[in-house]
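Encoded as structure tokens, the structure appears first; notes follow it.
The sequence lines fix the lettering, A, B, ..., with proteins before strands; numbering per chain opens at 1.
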Amino acid sequence: MKPSEVEATARPRSGIVTHWRREAIVGYLFALPWIIHFLALTVGPMAFSLYASFTSYNIVNPPRWIGIDNYRFIFLSDDRFRIALYNTLYYVIIKTPIVIVLSLIFAVLLNNPIPGKRIFRTIYYLPTVITGVAAIFLWIWVLNPAGLLNRGLALIGIRGPNWFYDPAWSKPGLVVMSLWYIGSPILIFLAGLQDVPQHLYEAADIDGAGTWAKFRAITIPLLSPTIFFQIVTQIIGAFQVFNTAFVVSITAHTTAGDPAQSLLFYAVYLYLRGFRQLQMGFASALAWILFVIVLVITVIQVRLSERWVYYAG
Amino acid sequence: MTGKFRLSRRQFVGAALAALAVPVIQACTPIGTPVPGTQPEATQPPLDTTPSPETEPTTLPETGQEPSELPYTGRTDVSGQIEFWHFWGSPLRRNAIRRVIAGFNEQYPEIQVTETFVPFGDIWTRAIAAVAAGSGMPDVLVDTVQLFDRAQNNIMTNLQDLAERDNITEADFWPHAWSQANVDGNLYGLPYETDIRVLYYNKAQFADAGLDPEVAPADWDALWTAADSLDIIAANGSIERMGFHPLIGNIGLDQWAWCNGGEWQAEDGTPTINAPENVEALAWIQQWSDRYGKPNVDAFQGTFGPPGLQDRFMSGKMSSLVDIQGYTSFLNFFNPNLSTEEGENLGYGLGAIPPAPGHEPAALSGGFALANPRGSQQTEAMWEFAKYAVYVGQASWARDTYAVPTVQDLARNDPVLNADPRWSFFIEAMDYGRPGVFNPFYPNMLEVLGPAVDAVLSGSMTPQEALDDAQRRAEEEIARARG
């Protein structure tokens, strides 16, 4: 082959490579603002907090390296860590299934051609757009021992619990309160439901399937990716519960986490250590422990999802 | 089709991890967005913290009047602009502090003060973040007994040299107020307002119950006996009127133990949380809780409103309780009708904190201090403002708010304050005021008491077990901090 022939065959290929490379560069340039943001404001602070978790650090003075002392104390001596973890797991385990089931039921109901369904959708979504703390105050009144809910219960002869004044009922009270915010999960389920092809239901009708059989054999399997997504995000959200518990406890009791530390959730404890006691190193260690816990739970769920989540098509 | 929700596993894990990583880690990002506001843990009751809708700084005009004589060594030729952060957002306190600043500007036309309201829960976080960043800190910051901790952590400027230059010494102040602003002989803030806890009781209810309305219960036994006559309990146990409860009011186990001769730490800082006197005090609180039944007390507490006609005392639900002297300003403002069954308005009476039989009363005297965050460029001007506010401004401040001035002379001799016949009682009560407990290795050491009290009241531990446990926790925290 003559040199000129070699050049002739090679040229188009190098042209493509250059084109790809140029395209890649342009792509990265477009993504650059996000990449800078991600590195500077996410990866950077994460790396720093990992380092800080091995130090004693109060923001004002330089961090002092103390090795694994923070972690050792948390795992071996810290009662409040155990209480906070227990409270948080309790909340996650109780709240997540209730939210998923309820929002699925509402979504299925709202997916039917009923009159005024748009109005209902709006109503269910409204609480989500109300400012958090204002809504929490509202609920503190509703769940007051002499409040709206207990007065309603009294009408039917039930002496309602003391809710946020009773350590045994404060977490259930918080779960009741959180059910108000199921607007977003309902919307996501609705979107998922509307993606279920109608012809499957029509075929099932021809086969004489009942409503429950259609729901179990068509709706649930085709909705399983959405359910999986909801479970994962709800669990992550529940692990990070902070605002409601914090506002409720300081309003009803002045001490964050009260009554009797029953509302001392993980994020509340982390906040108290970090911002009240200025133990940023300790708080960073707590944050990384939570990160690992949530990561492990999520990975387990992803593994388990292979057995029950059905991706059509 | 299901296309919209078809996620590959990899995509899903990626999205989920990104979603969870950011908030978790941001939660411990050292300096970041403002954190939610909190209620005070210090000695002021929630009544001071009503957030004001106006949070923007307000600049007061200079007045340019001739300076008059100052009751301290001042330098009216100092000039500058100072930024003053406080958490007095209620209309009453905001106006009161503006009045102090206006008076200052008359004396010091060359110093301009910008006052900024910052919510109680945010103020230290923001100031500390600014100190750490090296810019944006205020020149004057209202600080509390936690000043010890701030001084130790090098957050506040040491003002000792200025104090010595101007001959400002402990002699002018209540001893507890002075000691709370001093660390190892160095002054870190000028004490501004203090308080004292007393017993308030409803004279009309005392009279109706056959008790002498002019005699306050003098000790724990007298409280218990008085409550026997005062309580009104429904057949199902629900409380309609409560004679007294040691945990309803502005006081807790820490001070009840003092009233039983207890201490929370030895002079060398060793915790003495499970000392017998403290255990006895907790057992006494438990008796009260059992007297009414904890679920009944919880339900009863849920029926209280904020300070005002629905509050626990003014509404007549509590016949007696402990609160600071500043509660008087609310009683004066709302002027509740505390009448006997015959319709005679007897008002309320005051008594010293009732101690255990054979012991002396003791209560926390808290308060604040005007401090200068490290890095401020206006320490001289701040110092002039602090001196004026403390030695002169506290008079008008106290008249407005019923706070006790930290300068003894003002507290004892101000004619307007003394025009209220109750004022002299508060000043007498100051004798049993004590500074808060501070452990250098565990600044919030008394936080271990909350869970201990809860454990006892819920019946899961005895007072001895609960305080043994609290002692162990405090020792572990201190050992950790010592490193």
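Residue contact with chain B, scored on non-hydrogen atoms closer than 4.5 Å, is absent for A:Q198. Proximity to chain A is absent for every atom of B:P443, based on heavy atoms less than 4.5 angstrom apart. Only the side chain of A:R80 comes within contact range of chain B, with at least one heavy atom under 4.5 Å from a heavy atom of that chain. Neither the backbone nor the side chain of A:F239 comes within less than 4.5 Å of any heavy atom of chain B. Heavy-atom distances place no part of A:P161 under 4.5 Å from chain B, backbone and side chain included. Only the side chain of A:N61 comes within less than 4.5 Å of a heavy atom of chain B; its backbone N, CA, C and O stay farther away. Contacts between A:L278 and chain B at a heavy-atom distance below 4.5 Å involve the side chain alone, from C-beta outward. Neither the backbone nor the side chain of A:N150 comes within contact range of chain B; no heavy atoms are under 4.5 Å apart. Interface remark: B:Y442 contributes side-chain atoms only to the contact with chain A (heavy atom separation under 4.5 Å).
With hydrogens and angles ignored, the 3.5 Å screen pairs a side-chain donor or acceptor of B:R374 with a backbone N or O of B:N154.
A 4.5 Å side-chain heavy-atom check between A:P167 and B:K294 finds at least one atom pair inside the cut-off.
Ring centers of A:Y165 and A:W169: at least 6.0 Å apart, outside the cut-off. Aromatic rings of A:W288 and A:F54 (six-membered ring for Trp) have centroids beyond the 6.0 Å cut-off, not under it.
Taking chain B as the reference chain and counting heavy-atom pairs below 4.5 Å, the highest number among A:N144, A:I66, A:D78 is found for A:N144. Residue with the most contacts toward chain A among B:D298, B:I128, B:I155, B:L457: B:D298 (heavy-atom pairs, distance under 4.5 Å).
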B:E476/A:R72 under salt bridge (Lys or Arg N to Asp or Glu O under 4.0 Å): CA gap, chis, key distance, verdict: CA-CA 12 Å; B:E476 282 173 357; A:R72 190 189 294 144; over 6 Å; no
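Between B:D469 and B:R473, none of the side-chain N atoms (NZ, or NE/NH1/NH2) sits under 4.0 Å from a carboxylate O, so this pair counts as no salt bridge. The pair A:D69-A:R64 does not count as a salt bridge, with every side-chain nitrogen at least 4.0 angstrom from each carboxylate oxygen. Between B:D143 and B:R150 a salt bridge is recorded (basic side-chain N to carboxylate O distance below 4.0 Å).
Between A:V92 and A:A238, the shortest heavy-atom distance links the atoms CG2-CB, 3.6 Å.
Residues of residues 445-453 of chain B having a heavy atom under 4.5 Å from any heavy atom of chain A, listed by number: B:E447, B:P451.
No side-chain N or O of A:Y86 forms a donor-acceptor pair with one of A:R82 less than 3.5 Å apart.
The aromatic rings of A:W308 and A:F228 sit perpendicular, their planes meeting at an angle over 60°, well past the 30° parallel limit.
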